[in-house]
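Input: a single structure, listed below in structure tokens.
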Amino acid sequence: MSVLWGNIVSFMGCTVMVLIGFIKDKNKYIVMQTLQFALNALSHLLLGGIGGAIASLVSVARNIIISRWNCTTAIKIVLIAVQAALTVSTITLNPITWIPIIAAGMFTWYIDTKDVMWFKWVIIITLVMWAVYDIYHHNFVSVWFSAFTVISNGISMVKIHKERKEAKEQLPA
């Protein structure tokens, strides 16, 4: 029964994730993404993914912090260290349980990158990692949404690359 409820809550979180794409105001975006991470945390808890729940809750804290202050290297290191410490102290570690630590840490580290292509690579890499974690914990809804998000980011990267190439070709010699 918890697999069903976990996937229902995951669907709610993933739906919020899709709706976030339509938001243009950064503050509203952060609020909605925080709701998404809270729902993700609950779905991970229901599915037995304590590491995923911790990563999602630290992401909630990260969003609150970066909405109020600049995301400095020190803040990033503290957030990643807190997540790792909480995860290590609350679960038995195996290779799967390291995935949320690495994925959320990687996303946190590169959250303020200015290079949209690099950020999209970070999104793709971390979503593939989360998909592996979600398969292990039977979070099938999240796996599908991650797959679609990877595909949409890949398509977006191809378009960006094409636009950059065309813009470069139009420069006077």
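Keep in mind that this is a model prediction, so the values were computed, not measured.
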Original post:
Hey, do the aromatic rings of His137 and Trp130 have their centres closer than 6.0 Å?
Top reply: no
Subject >> Step-by-step side chain to side chain donor-acceptor pair (under 3.5 Å) determination, Ser142 to Asp134 >> reply: CA-CA 7 Å; Ser142 185; Asp134 288 332; 2.7 Å; yes
**OP:** Hey, can you tell me if Phe119 and Phe107 have their rings parallel, tilted or perpendicular (30° and 60° cut-offs)?
**Re:** tilted
Original post:
Would you call Asp115-Arg164 a salt bridge at under 4.0 Å N-O?
Top reply: yes
Subject >> Audit row: Gln83, Thr108, side chain to side chain contact (heavy atoms under 4.5 Å, CB included) steps and yes/no >> reply: CA-CA 11 Å; Gln83 179 199 341; Thr108 298; 5.5 Å; no
Subject >> Least distance between heavy atoms, Pro100 atom then Ala55 atom >> reply: CB-CB, 3.7 Å
Subject >> Connected via hydrophobic side-chain network under 4.5 Å: Trp144 and Ile8 >> reply: no
Original post:
Do Leu47 and Asn7 pass the side chain to side chain contact (heavy atoms under 4.5 Å, CB included) test, and can you show the C-alpha distance, the side-chain angles, and the key distance before you say yes or no?
Top reply: CA-CA 8 Å; Leu47 295 166; Asn7 277 276; 4.1 Å; yes
Original post:
Run the side chain to side chain contact (heavy atoms under 4.5 Å, CB included) check on Asn139 and His44 step by step: do they pass?
Top reply: CA-CA 8 Å; Asn139 191 348; His44 287 298; 4.0 Å; yes
Original post:
Is a side-chain N or O of Thr113 found less than 3.5 angstrom from the main chain of Tyr110, in a donor-acceptor match?
Top reply: no
**OP:** Ignoring hydrogens and angles, tell me if any N or O in the side chain of Ser10 forms a donor-acceptor pair with the backbone of Gly6 under 3.5 Å.
**Re:** no
Original post:
Can you check whether Phe145 and Phe140 have ring centres sitting under 6.0 Å from each other?
Top reply: no
**OP:** Could you tell me whether a side-chain N or O of Lys76 sits under 3.5 Å from a main-chain N or O of Trp109, the two making a donor and an acceptor?
**Re:** yes
**OP:** Check whether any side-chain N or O of Tyr133 sits under 3.5 Å from a backbone N or O of Ile96 as a donor-acceptor pair, and report yes or no.
**Re:** no
Original post:
Of all heavy-atom pairs between Cys71 and Asp112, which one has the smallest distance, and what is that distance?
Top reply: O-OD2, 3.3 Å
Subject >> Shortest non-hydrogen contact between Val143 and Ala131, atoms and distance >> reply: CG2-O, 3.7 Å
**OP:** Show your reasoning for whether side chain to side chain contact (heavy atoms under 4.5 Å, CB included) applies to Leu19 and Gln36.
**Re:** CA-CA 10 Å; Leu19 294 175; Gln36 173 208 342; over 6 Å; no
Subject >> Reference residue Ile75; test side chain to side chain contact (heavy atoms under 4.5 Å, CB included); the match among Val78, Thr73, Leu79, Ile77 >> reply: Leu79
